[in-house]
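Before any comments, here is the structure.
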Amino acid sequence: IRTTSCTTGMYAPFVITPTSSGNAADTFGSGIQFNIADCGVGATRLGVFGIERHGADNSGRYIFSVDNAGSQTTVMTIDNTGTVSMPLQPAFLATGAGQANATGNNTTVTLEWPSEIFDQNADFDTTNDRFQAPVTGRYFLSFHFRIDEVGSGNDLFVVVITPNRNYEFKVAADGIDVSGSLRYEGTVFADIDATEVVTVTVRLNGTGGDTADIISGIDTWFAGFLVA
């Protein structure tokens, strides 16, 4: 394509124009399909990149989809505001269970997460109270919990356990200046390999017995997402 020396901006010599006999609606658009073919087998679709109508005839949205065992799945969209959505990007928020008499006499207890507010890509295991990384990457993890029956002479230890390393938080006895309920939270930025799991444990000492309770509901939650 030859242009004059004063021409600026993008030029699109390759144009795809689907047509319809009816009035175009959202999701009507055009795309490029990518296939492979090998000896003795017909063409097999691997993915599609396209753009569809989004809100008006002169407004569009990019769609990126890939095939998984022959089923086409949208993995990313970019709309006309520049917003990028990745519906399968790992992200979760789970809430905790009530655990009575869980710790207090230096007993380590794994926090339980039986309920989910959301679990994008279905990577959180509420049965075993853990997150399992679907891919190797850097993950942001955050937790918050409430523990009752805490005394001013107790030490509290919280550990986010990953196979590569553990992340330990400690509130020493002189840092716990209340008697009764204690709320604690923390965050980590962790390198986690594919299929590895993450759990959170709590250990309290100084009470002389396991009398401290982990409180259920939104007071106790565990969240995370894949960053890179």
Side-chain angles (χ1 to χ4, degrees), residues 27 31-34 36 45-52 54 60-97 108-146 157-170 183-202 214 216-228:
T27 73
I32 300 173
Q33 180 169 308
F34 299 89
I36 61 170
R45 183 185 64 199
L46 294 181
V48 176
F49 162 68
I51 190 165
E52 65 183 22
H54 184 65
R61 177 174 66 173
Y62 284 106
I63 303 292
F64 298 83
S65 66
V66 296
D67 277 65
N68 183 7
S71 178
Q72 186 175 335
T73 303
T74 296
V75 294
M76 184 171 69
T77 64
I78 307 175
D79 71 13
N80 45 31
T81 68
T83 300
V84 179
S85 298
M86 294 180 285
L88 299 182
Q89 185 81 345
F92 69 92
L93 173 58
T95 56
T108 298
V109 59
T110 299
L111 293 183
E112 298 175 357
W113 318 101
S115 301
E116 298 170 339
I117 295 178
F118 60 83
D119 183 11
Q120 196 164 282
N121 201 45
D123 299 307
F124 197 84
D125 181 354
T126 56
T127 300
N128 296 296
D129 307 303
R130 65 191 189 184
F131 168 71
Q132 184 172 36
V135 296
T136 297
R138 277 60 172 162
Y139 290 81
F140 180 85
L141 303 168
S142 181
F143 66 86
H144 178 281
F145 68 92
R146 173 185 157 194
F157 302 85
V158 185
V159 184
V160 178
I161 299 174
T162 76
N164 288 333
R165 60 192 52 83
N166 293 339
Y167 302 85
E168 183 170 308
F169 303 79
K170 178 184 178 182
R183 289 173 170 83
Y184 191 77
E185 63 185 19
T187 60
V188 302
F189 191 36
D191 56 318
I192 308 174
D193 297 330
T195 73
E196 292 182 344
V197 299
V198 182
T199 57
V200 183
T201 66
V202 171
I214 307 297
S216 65
I218 199 61
D219 271 332
T220 301
W221 51 261
F222 184 29
F225 59 90
L226 174 64
V227 176

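Side-chain contact check for Phe157 versus Thr108: every heavy-atom pair is 4.5 Å or farther apart. At least one side-chain heavy atom of Pro134 sits less than 4.5 Å from a side-chain heavy atom of Asn121. For the pair Leu111 and Ile214, the minimum side-chain heavy-atom distance is below 4.5 Å. With contacts defined as side-chain heavy-atom distances shorter than 4.5 Å, the pair Ser65/Thr73 does not qualify. Here the side chains of Thr187 and Leu141 are not in contact, with every heavy-atom distance at 4.5 Å or above. Side-chain contact check for Glu116 versus Phe92: every heavy-atom pair is 4.5 Å or farther apart.
The side chain to side chain donor-acceptor pair (under 3.5 Å) contacts involving residues 126-145 comprise Asp125-Asn128, where partners must be two or more places apart or lie in separate chains. Every pair tested for salt bridge (charged side-chain N to carboxylate O under 4.0 Å, His left out) that includes a residue from residues 77-86 fails, sequence neighbours excluded, so the list is empty. Residue pairs meeting the salt bridge (charged side-chain N to carboxylate O under 4.0 Å, His left out) criterion with at least one partner in residues 65-78, sequence neighbours excluded, are Arg45-Asp67. Applying the side chain to side chain donor-acceptor pair (under 3.5 Å) test to residues at least two apart or on different chains, the pairs with a partner in residues 219-228 are Arg146-Asp219.
Summarising the geometry of Asn80 relative to His54, their closest heavy-atom pair is ND2-O, 3.3 Å, with the distance given to 0.1 Å. Among all heavy-atom pairs drawn from Leu226 and Gly137, the shortest one is CD1-CA, 4.1 Å. Among all heavy-atom pairs drawn from Ala97 and Ser216, the shortest one is C-CB, 3.5 Å.
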Can you list, pair by pair, the side-chain donor-acceptor contacts under 3.5 Å of residues 189-198, counting residues two or more places apart and other chains?
unit_1 : atom_1 : unit_2 : atom_2 : d
Asp191 : OD1    : Arg165 : NH1    : 2.3
Asp191 : OD2    : Asn164 : ND2    : 3.4
Asp191 : OD2    : Arg165 : NH1    : 3.0
Glu196 : OE1    : Asp193 : N      : 3.0

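Residues forming a side chain to side chain donor-acceptor pair (under 3.5 Å) with Thr162 (at least two apart in sequence, or on another chain): none. Looking at residues two or more places apart in sequence or on another chain, you find no side chain to side chain donor-acceptor pair (under 3.5 Å) involving Asn166. Residues that satisfy the side chain to side chain contact (heavy atoms under 4.5 Å, CB included) test with Ile117, not counting sequence neighbours, are Leu93, Thr95, Ile218. In this view, Glu52 and Arg61 satisfy the salt bridge (Lys or Arg N to Asp or Glu O under 4.0 Å) rule, not counting sequence neighbours. Among residues two or more places apart in sequence or in another chain, the side chain to side chain contact (heavy atoms under 4.5 Å, CB included) test is passed with Ala122 by Asp119. For Tyr184, the side chain to side chain contact (heavy atoms under 4.5 Å, CB included) partners two or more places apart in sequence, or in a different chain, are Phe143, Phe145, Leu156, Val158, Phe169, Val171. For Phe225, the ring pair (Phe, Tyr, Trp, His ring centres under 6.0 Å) partners are Phe140, not counting sequence neighbours.
Residue Asn68 qualifies as open at atom CG: its count of foreign heavy atoms under 6.0 Å is 12 or below.
To the nearest 0.5 angstrom, Thr74 atom OG1 is 11.0 Å from Phe64 atom CZ.
In this structure, the ring of Phe131 has its center no less than 6.0 angstrom from the ring center of Phe222.
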Any chance you could lay out the side chain to side chain contact (heavy atoms under 4.5 Å, CB included) test for Gln120 and Leu88, step after step, and finish with the verdict?
-> CA-CA 6 Å; Gln120 196 164 282; Leu88 299 182; 5.9 Å; no
Verdict with supporting geometry, Ile63 and Val48, side chain to side chain contact (heavy atoms under 4.5 Å, CB included) | CA-CA 8 Å; Ile63 303 292; Val48 176; over 6 Å; no
